[in-house]
Each structure stands twice: as C-alpha cells, then as structure tokens.
Amino acid sequence: MVKKQEPLAAKYEGPADHYAVFIQEKQLKDISLWKEFVRVFKEHTDIADKGWRGEYWGKMMRGACLTFTYTRDESLYAVLRGAVEDLLSAQDELGRISAYDVAHEFTGWDMWDRKYVLTGLLHFYDICRDTGLRGRILQALTRHADYIVRKVGGGQGQIPVTQTSEWWGGVNSCSILEPFVQLYKLTGKGRYLAFAEYIISTGGCSEGDLITLVRQGKYPYQFPVTKAYEVMSFFEGLVAYYEVTGEREYLETAVRFAESVYESDITVIGCAGCTHELFDHAAEKQTEYSETIMQETCVTVTWMRLCLRLWNATHDHRYIDRIERSALNALYGSINEGGFKMYSFEKNEYKDGLPFDSYSPLYNNRRGRGIGGFKEFSDGGFYGCCACIGAAGTALYPLYAAVQNGDVFYINFFLNGKAEGSTPDGQRVLFRFRTNYPSGGKFRAEVYLKRPERFRVRLRIPDWCDRAAIRCAGEQFLLSESGYHTVDRVWSGGDAIELDFAEKLSYQEKNGRVAFTYGPLVLARDEQKEGGPLTEEKSFYEEGGAPAYKILPKEGKELIRLEIKTEDEKNILLTDYASCGKNWLDQHCRITVWMNAAPIGQA
C-alpha cells in the first residue's frame, strides 16, 4: 500500500493563506448553507429534474475538511460537526442517503451524488476527534455503501454501473470508484474492493473502455465521452486502486492519461476545456475567441487533485509544477472576493455572487459569465458545483507546500511562514520560510531543532526555471535542470538553505498570438487597468532577441505588474492573470492572455 504523505502543520502568510481563510469565513462556516444542502436529501429534491444538488454537501465537506487540516480553526470544526450530524439524520431505513427516492434511484446523477456523500463523510472521519461520532459515521458509510453494492453490479437483477445514469456514458457514476477504494482502506472489507474492481472492469464508460483507450494512445478529446471533470475523477480512482493493490499497470495507465491531458488539453493557466468543460484539444484551441463558457473551475480543481494523487504515488516534481500553475492562475483568478453578482443562463439574469466564478477566459473576454452546476433549492435559493469544489483547491495549495515522507521533508511551494513536524528520531523540527516568490526568485528556509540530526530536505526547482543557485552551510550548488534538489546532512538549529531562481519574462507563440509568463505567473492585459481595447496587433521592441520590459510597482492585490515596450511606443501593461478582470460588472472588464503580435525574435 502506498504511504500517504503527511503535510506539515503550517501557518503561512500571503495569498495562499489569505484565500484559504477567506473561503473558510465566507463560505465554509455558513451554517444555513449546510442545512440547505442536507435538506436536499430529506426532501429528495433532485427527483423533479434528475439534478445534482446532492453533490453539494460532500463536495464542499471535502474542501472544508482539507481547509480545517490547514487552518485548525475550531469554530470551523464545530460547524462541520453539526453538518455531519445533520446529514446522518437524513439516512433512511434502507441505509440510503440520496437526493432521489427509491422509485427514481440510480438514474440521472444519483450515483454521482452518492459518491459525494461517501467522499464528504470519509473526509470528516479523518479529522473527527469524537470516538462515538466516528463509530456512527462508519456505520452510516457502510450502510450507504452496502445498499449500492446490493443494487449495482454485474450480477443477476443488478443494474450495471454504467447504466445508472443517462449522462456521459455513466462515467459520472463510475467515478464512485475512488471513495469505494478509500472505504476499503478504512474498513478492510473485501466487498468494497471487489466493487471497485467491478467498476474498473467496465472501463468506466458505456460508450468505450477508457482504460483501453488510454493504453491505445488516444488523447482525451478523442474519447467517446469528453466530460473533463468526470473522466479525470474516474482516473483518480484508478490511482487510488493502485495505492492499495500495488498493481503498477493501473498507475502507469493513470500517468499516461495525465500526460495526454497535459499535452493535448491543459492551457497556459492550468485548466482544460475551451468548449464548456469538455476535453476539446484546448492546448491548441486556447488562442481562439469564444462566445461559449470555457475552462470550468471544477476542471481546475480536479486536475490539481489528480496531479496531487500522482505526486503521492511517484514524487515526480512535474505534478507539483502543474498544481502551482493551476492554483496561482486559474484557481485564484476564479475567487470572487468582491462578491460580484454572476450571470445565470438558466434564469437569464444576474444572481447573488458565489465565492468562486465558474469559467476562466483566455482571449478578449470577461469573467462572471455563468454559474456552473446551477440548481435552485425548494425555498428559492441556489448554488453551483464550482462554488462547492473550490475550497479543495484553496486548501490543497498551502496544505502541500511542505510535506514529510519518512526521513524526507519536501518543500514543494514557496510560501512565507512556518511549518513543523517530527524528525526520524522523534524530535520537533521547525522550518521558517521567507520569500518574495512568485513575483521574485528568492527563498530562504531556516531549520530549528534541539539537537543535531541527519535527515533530507528536498527542494523543488520549478520547470519554468532554467537556472538556480542553492546555498547551504557554506556550500553552493548551481542548477540548470528542474526537479528536486536533495540536501542530505546533519542539521543543527539555525541552519539555513537559500534558493535563488533566475526569474525572467518568458513567452510562447501559438496560432499567430503570444502569451507571456513571469515565473509561474501567467500575465494578462486588462481593459480596466489599461483603459482601452486589447485586440490590436503589437510589435514588441526587442533587446537581445527578447521583448524589452520593466517591472512596475504592484497595485492592490497584484502579484506582478510590468510594462512591455512596443515599436509604436504605445506600451502594454501586463499583470498577473489572477488579478485581472475581477470586477466583471464594469462596462470595460475584458481581459486577454493571448495577444495579437508580430513574431518575436525574427528581426
């Protein structure tokens, strides 16, 4: 069984901490919202339209539990405990916790909803400190799962799992694979592993075996079902299955799937799906103007989660690079800190703003264009899928900044603050971090412990960095490749590691357009900041074969602000994507990552 990596107990400063705490206070402590989510199960609200309201509770509970693991906020814990108690009261005499009644069960999004009941309860079980409550949660989990195992499967009189939904070839239902594997890890009951193996045997989709398609070298946009969020969720479950069985062919398939997603569909900001939330060869399509919604926040967070699961299994730094790109750009760009109203296609009107925007533009368009997974409640309120899943992303990024695996401490993300854990000999070790990352390239980690001890610290050198310097105890190492650099030594209190990245403006050209990055930050133009249109073609003034630019003082919550010099001397302003277009109710709120430009470096 693959050992789970343990995040260090940490407290950070800056955007990562700010956004996790903002979502905690704005959303996760809202008792009335949790009650609304539970009422869906008590009233079987999803019957009328075969909806997915039943996903909201478990999806948000997962993010809330991860947030608590980072913040250790006791008032949040109390709210979550109350929400769990309320959900347990919604379990019927058959063991079901479902937003559908028995007459309509295993249709629409019922299995998907039940997946998230398992997911939410399993995550709270991990943080629950009350032995009695843990026992009741475990009993509820097994009754809920056992009902599914009796009704769904390949046996006589059972419903095939791929036929438990009319949508997407049943891949949404098959994504219940992951929590069933997690329940097997918790209980050791073979029937749950057997059910997971049954799901895998179906290939996850009635329209085509997804596992076989990956092994045949198909890209995800070539699958018969291209719903990005649900397909990635199924492969999360495949990695979980490898974790308990050690069957490497499943890990290798999931790795191959993730690489094909990255190559064909992940865009510059770390999301996928330029046609709604579908795999559509977005790596190429991302430069196009589109009137449709695109790059759903659910896809961003699920990609981050899949990458984390693969990192836990492989310790390949590339997955951490990809999480960072998604978090700093697509995810943080989606946070509706201003509380701006959002447009509902379903109601054809603006509704009260949710904590997360659902869609992220790339070329000359605006935020706030739709509410993903919009569903109304019986009392007239509403919610959405992206708002529920976002907390899992804002928690994941700081939570996995510093992680321990045996005698190795991984420093994955560069944040200001402190983190502590236990050394292999059992003594407390405290790390203090100081950095100007991501807008700068300096990072310092100081190590404090009572007595000298040998262990390893592994620092990530990001994939965007072509050279870096590490200094420790009078030694200096010059690095020209990305990956982890390991410092293996006897540490004494006050020892420090210093890391200097060679940050610079970089660019990529595609389909006659250009996009700029600075370190891990994707840059964008913003109508509100520039006061003019964004689509005119530019020729950049070059020095040494690269565009000339200067760094400007940051404004507001920007992470970077710079000006690129143009041949017509009408220079353009670029700031970090996450800070752009955040007041989407303003008349001039368009933003663009991809810019019309003459080829660079050909003068």
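All values below come from the heavy atoms of this structure, side chains included, with hydrogens, waters and symmetry mates left out. All of these numbers come straight from a predicted model, not from anything done at the bench.
In this structure, Thr300 and Ser334 have side chains that are not in contact, with every pair of non-hydrogen atoms separated by 4.5 Å or more. Looking at Phe431 and Val447, their side chains come closer than 4.5 Å, going by heavy atoms from C-beta outward. You'll find the side chain of Arg325 stays beyond 4.5 Å of the side chain of Ile269, heavy atoms only. Counting only heavy atoms from C-beta outward, the side chains of Leu33 and Tyr56 never approach each other to under 4.5 Å. Side-chain contact between His317 and Arg458 is absent, with no heavy-atom pair separated by less than 4.5 Å. A heavy-atom distance below 4.5 Å is not found between the side chains of Tyr363 and Leu534. Contact of the Phe414 side chain with the Phe433 side chain is not registered, since no non-hydrogen atoms from C-beta on lie closer than 4.5 Å. Put simply, the side chain of Val21 does not reach to within 4.5 Å of the side chain of Asp73, judged on heavy atoms.
A side-chain N or O of Tyr448 and one of Glu446 form a donor-acceptor pair less than 3.5 Å apart. Of the N and O atoms on the side chains of Glu346 and Ser344, at least one donor lies less than 3.5 Å from an acceptor on the other residue. In the model, Tyr70 has a side-chain atom that pairs as donor or acceptor with a side-chain atom of Asp17 under 3.5 Å. Side-chain contact, Arg369 with Tyr343: no donor N or O sits under 3.5 Å from an acceptor N or O. With 3.5 Å as the limit, one finds a donor-acceptor pair spanning the side chains of Lys529 and Ser579.
Judged by distance alone, the side chain of Asn412 and the main-chain N or O of Tyr400 form a donor-acceptor pair under 3.5 Å. Under the 3.5 Å distance criterion, the side-chain polar atoms of Arg525 are left unmatched by any main-chain donor or acceptor of Thr592. Within the 3.5 Å criterion, the main-chain N or O of Thr435 finds a donor-acceptor partner in the side chain of Asn416. Although no hydrogens or angles enter the test, the distance criterion places no donor-acceptor pair under 3.5 Å between the side chain of Asn596 and the main chain of Arg513. Asn571 contributes a side-chain N or O that, together with a main-chain N or O of Thr566, makes up a donor-acceptor pair within less than 3.5 Å. A distance-only check finds no donor-acceptor pair linking the side chain of Tyr229 to the backbone of Glu277 [under 3.5 Å]. Listed for the Asp280 side chain is a donor-acceptor partner under 3.5 Å among the backbone atoms of Ala282. Side chain of Asn583 to backbone of Cys589: no donor-acceptor contact under 3.5 angstrom is found. Listed for the Asp576 side chain is no donor-acceptor partner under 3.5 Å among the backbone atoms of Glu558. Arg367 places no side-chain N or O within donor-acceptor distance of the main-chain N or O of Pro361, the cut-off being under 3.5 Å.
Pairs passing the salt bridge (Lys or Arg N to Asp or Glu O under 4.0 Å) check and including a residue from residues 385-403, sequence neighbours excluded, do not occur.
In this structure, Val301 and Gly393 approach most closely via the heavy-atom pair CG1-N, 3.8 Å. The nearest pair of heavy atoms linking Glu296 to Cys385 is OE2-SG, 3.9 Å. Across every non-hydrogen atom of Pro462 and Asp321, the tightest pair is CA-OD1, 3.5 Å. Counting all heavy atoms, side chain and backbone alike, Tyr12 lies closest to Ala401 at OH-CB, 3.6 Å. Here the closest non-hydrogen pair linking Gly63 and Leu28 is O-CD1, 4.4 Å. Closest of all the heavy-atom pairs between Asp357 and Gly368 is OD2-N, 2.9 Å.
Of the options Phe356, Phe377, Phe37, a ring-ring contact (aromatic ring centres under 6.0 Å, His included) to Tyr383 is made by Phe37 and by none of the others.
Salt-bridge annotation for Glu337 and Lys582: absent, with no side-chain N of the basic residue lying under 4.0 Å from a carboxylate O of the acidic one. With salt bridges taken as basic N to acidic carboxylate O contacts below 4.0 Å, none links Lys375 and Glu55. No salt bridge links Glu503 with Lys442; every basic N to acidic carboxylate O contact stays at or beyond 4.0 Å. Ionic pairing of Lys538 and Asp568 is present here: one or more N-O contacts between side-chain nitrogen and carboxylate oxygen are shorter than 4.0 angstrom. A salt bridge does not link Glu420 with Lys418: none of the charged nitrogens is closer than 4.0 Å to a carboxylate oxygen. Arg318 and Asp316 are joined by a salt bridge, as a carboxylate oxygen and a charged side-chain nitrogen come within less than 4.0 angstrom of each other.
With a 6.0 Å radius and a threshold of 12 heavy atoms from other residues, nucleotides or ligands, Glu74 has its CD atom above the threshold. Within 6.0 Å of atom NZ in Lys26, 12 or fewer heavy atoms from other residues, nucleotides or ligands are found, so the atom counts as exposed in its surroundings. Lys11 NZ: more than 12 foreign heavy atoms inside a 6.0 Å radius. Counting heavy-atom neighbours within 6.0 Å of Ile31 CD1, excluding the residue itself, gives a total of 12 or less. Atom CD of Glu481 has 12 or fewer neighbouring heavy atoms from other residues, nucleotides or ligands inside a 6.0 Å radius. More than 12 heavy atoms of other shown residues, nucleotides or ligands fall within 6.0 angstrom of atom CD in Glu349. More than 12 heavy atoms of other residues, nucleotides or ligands lie within 6.0 Å of CZ in Arg471, so this atom counts as buried by the packing criterion. Within a 6.0 Å sphere centred on OH of Tyr484, other residues, nucleotides and ligands contribute more than 12 heavy atoms.
Atom CD of residue Glu530 and atom NE2 of residue His588 lie 13.5 Å apart, to the nearest 0.5 angstrom. Rounding to the nearest 0.5 Å gives a distance of 15.0 Å between SG of Cys580 and CZ of Arg366. Here the CD atom belonging to Glu288 is positioned 7.5 Å from the SG atom belonging to Cys274, to the nearest 0.5 angstrom. Remark: Lys565 NZ to Lys550 NZ distance equals 9.5 Å, nearest 0.5 Å. Annotation: the span from Trp303 atom CH2 to Cys271 atom SG amounts to 10.5 Å, rounded to 0.5 Å. The line from CG of Leu76 to OG1 of Thr67 is 7.0 Å long, rounded to the nearest 0.5 Å.
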What verdict does the side chain to side chain contact (heavy atoms under 4.5 Å, CB included) test give for Tyr77 and Phe68, after you've listed the backbone C-alpha separation in whole Å, the side-chain angles of each residue and the deciding distance to 0.1 Å? CA-CA 7 Å; Tyr77 180 85; Phe68 171 76; 3.7 Å; yes
Kindly indicate, with the supporting measurements, whether the criterion side chain to side chain contact (heavy atoms under 4.5 Å, CB included) is fulfilled by Asp466 and Lys504. CA-CA 10 Å; Asp466 56 14; Lys504 64 179 181 179; 3.2 Å; yes
Side chain to side chain contact (heavy atoms under 4.5 Å, CB included) between Leu585 and Tyr350: does it pass, once the steps are laid out? CA-CA 10 Å; Leu585 299 182; Tyr350 278 89; 3.7 Å; yes
Determine whether Tyr359 and Gln295 satisfy the following criterion, side chain to side chain contact (heavy atoms under 4.5 Å, CB included), listing intermediate values before the conclusion. CA-CA 5 Å; Tyr359 305 103; Gln295 295 197 114; over 6 Å; no
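Cation-pi geometry between Arg460 and Phe501 is not met: the NZ or CZ atom fails to fall both under 6.0 Å from the ring centre and inside 45° of the normal.
Residues Phe540 and Phe516 bring their aromatic ring centres within 6.0 Å.
Applying the ring-ring contact (aromatic ring centres under 6.0 Å, His included) criterion to Trp52, with sequence neighbours excluded, gives Trp109.
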